[in-house]
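Heads up: the structure comes next, in structure tokens.
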Amino acid sequence: MLELTICSLLTILPDYLYRRFVQGKRFGKEITLFSVWYELRWGITGCLMLTVALITSVFFFHPATQNAALLFRTVPILPEGSGRVVDVNFGYSAAVKKGDVLFTLDSSKQKAALETATRKVAEIDASLETAKSDVAKAEAQLGEAKANYQQAKDELDVKIELQRRNPGIVPQRDIEKLQVMVDQRQAGIDAATATLQSAALRVSTLLPAEKASAQAAQAEAQVDLDKTFVRAGVDGRVEQFLIRSGDVVNQLMRPAGILIPEGAGQAKLQAGFGQIESGIMREGMVAEATCISKPWVIIPLVVTSVQDYIAAGQFRSGEQLIEAQNLAKPGTILVFLDPLFKGGLDGVTAGSSCIVNAYTSNHDEIVDPKTSTGRKIALHVIDGIGFVHALLLRIQALLLPFKTLVFGGGH
């Protein structure tokens with residue numbers, strides 16, 4: 001209607017003024033209800049053509065959409081394991097901080113496993129102390145074996161030396177016995193050395209490895225115990241938190257509630273524009289929005305990202321082939337918009353529906369010396385007609401509360 005009114009001022013009105021003051025025709029005389037079309041045919045035809053051209057240009061170069069909202073993601077509250085709820089710390093709706101315990105599961109099994117693992121570590125520590133004593137004992141036995149060996153070796157050397165100086169003074173049988181004794185003492189040293197090495201290896205390698213395994217089992221048991229405390233992963237607010245003591249929960253059941261992160265839906269506004277505007281939407285475009293939850297306010301925005309694929313074309317592989325004609329409803333181009341000024345979306349409820357206008361700007365091309373005069377004029381016109389859409393948005397913002405509350409039944 002606004003476009004038709006503007007176009008009428010540029011076509012029908014001049015045509016009427018020409019008929020009235022130049023040709024002297026009067027309304028009600030020569031110009032009647034039945035002769036309006038004939039007398040004002042040029043103005044009416046021009047008005048219709050200009051209106052269609054204006055509407056097409058406005059909606060193409062300055063696209064608008066009512067498919068806009070402050071979308072936000074929620075975090076389902078689910079335990080990592082399963083069990084029976086023994087304690088719930090929050091009600092149906094409450095603010096929470098990261099790390100707060102939301103509810104607790106029965107942990108008797110996990111506590112028993114942790115106690116077993118802890119005692120196993122203590123047992124290995126005790127075994128390590130005992131093994132250190134065994135090392136000291138093996139060192140003493142090795143020293144004793146070396147001393148006995150040296151004693152037998154010295155006695156054998158003395159006998160051999162006497163036999164060399166005075167052949168026959170020492171019976172050969174005694175020398176052979178002493179040689180056998182030396183060999184026995186050497187075997188004792190080898191046995192004591194092996195015992196010492198075994199004890200040292202147990203202290204340095206075996207028991208530390210067993211202790212590391214036991215500590216890993218202890219840590220695993222501690223993790224399992226910690227999982228019985230279901231905590232908030234982020235700052236935010238829990239909603240629909242209906243779980244109560246005695247309930248049995250696991251990951252396959254419905255969530256215990258919903259956690260809405262703090263600040264969710266307050267940073268960006270998402271809008272779906274028609275596919276025909278894919279060649280117009282660009283990052284850096286200025287836009288405006290008015291939202292139902294913040295009426296009578298125009299929020300300046302800037303386009304920060306344009307999704308380069310359309311969600312309606314998504315499919316999942318299955319046993320049936322895709323039938324293209326089932327895609328009857330065309331999808332939209334998802335555009336992300338940030339407030340132009342800090343705090344621009346303050347007061348807008350997350351999830352609120354909005355009306356968004358985006359405006360094409362050809363300033364860079366207009367000021368370019370290489371641009372021809374005719375094209376500059378056309379680009380000026382394209383940029384100038386954006387005021388029509390801006391005015392329409394403000395009219396919509398003005399009428400939105402009445403449309404919602406009165407004509408929409410209060411919804």
Side-chain angles (χ1 to χ4, degrees), residues 79-84 86-87 98-99 101 104-231 233:
E80 294 187 42
S82 61
R84 187 175 297 278
V86 296
D87 191 21
K98 181 179 180 180
V101 179
T104 307
L105 301 177
D106 178 44
S107 59
S108 55
K109 180 180 179 181
Q110 289 78 6
K111 287 180 179 179
L114 179 60
E115 180 66 21
T116 300
T118 302
R119 292 184 180 276
K120 183 64 176 179
V121 173
E123 179 183 344
I124 294 176
D125 286 336
S127 298
L128 186 60
E129 295 300 322
T130 302
K132 290 179 180 179
S133 300
D134 292 341
V135 170
K137 179 180 179 181
E139 289 176 345
Q141 291 176 344
L142 178 60
E144 180 182 2
K146 288 181 177 180
N148 292 335
Y149 169 80
Q150 190 62 42
Q151 180 182 5
K153 184 70 168 59
D154 292 342
E155 187 175 351
L156 176 61
D157 292 341
V158 170
K159 296 291 184 178
I160 291 176
E161 181 61 24
L162 291 176
Q163 179 67 15
R164 184 182 67 78
R165 293 181 179 182
N166 299 300
I169 192 173
V170 178
Q172 185 63 30
R173 181 61 181 169
D174 291 345
I175 294 176
E176 292 176 354
K177 287 181 178 181
L178 289 173
Q179 183 63 49
V180 171
M181 184 179 293
V182 169
D183 294 340
Q184 289 177 344
R185 300 293 168 79
Q186 180 62 50
I189 292 176
D190 294 340
T193 301
T195 301
L196 177 61
Q197 290 177 346
S198 176
L201 184 63
R202 191 163 184 263
V203 171
S204 62
T205 304
L206 180 61
L207 288 177
E210 291 181 357
K211 183 177 180 180
S213 298
Q215 288 175 333
Q218 183 184 28
E220 183 179 0
Q222 182 64 55
V223 170
D224 290 339
L225 177 61
D226 293 340
K227 288 180 179 180
T228 61
F229 298 91
V230 181
R231 303 176 183 272

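Model, not experiment: these values are computed from the prediction.
- A distance of 5.0 Å separates CD of Q222 from CG of L114, quoted to the nearest 0.5 Å.
- Across every non-hydrogen atom of P79 and L105, the tightest pair is CB-CD1, 4.0 Å.
- Rounding to the nearest 0.5 angstrom, the gap separating the NZ atom in K132 from the CZ atom in R202 is 12.5 Å.
- Nearest heavy-atom pair, Q218 versus V121, reported as atom, atom and distance to 0.1 Å: OE1-CG2, 3.8 Å.
- Atom-to-atom distance recorded for K120:NZ and S127:OG is 7.5 Å, nearest 0.5 angstrom.
- Salt bridge status for R119 with E123: absent, with no side-chain N to carboxylate O gap under 4.0 Å.
- Within a 6.0 Å sphere centred on CD of E220, heavy atoms belonging to other residues, nucleotides or ligands number 12 at most.
- To the nearest 0.5 Å, atom CD of residue E210 and atom CG of residue D125 are 11.5 Å apart.
- Between the side chain of S198 and the backbone N or O of T195 there is no donor-acceptor pair closer than 3.5 Å.
- A donor-acceptor distance shorter than 3.5 angstrom exists from the side chain of T130 to the backbone of A126, with no hydrogens or angles considered.
- Taken from CG in D226 to CZ in R231, the straight-line distance is 7.0 Å, to the nearest 0.5 Å.
- Between T228 and L225 the shortest side-chain heavy-atom distance falls below 4.5 Å.
- Between Q110 atom CD and D224 atom CG the span is 6.5 Å, to the nearest 0.5 Å.
- Annotation for K227: atom NZ counts as buried by contact number, over 12 foreign heavy atoms lying within 6.0 Å.
- Within the 4.5 Å cutoff, the side chain of L207 has no heavy atoms near those of the K211 side chain.
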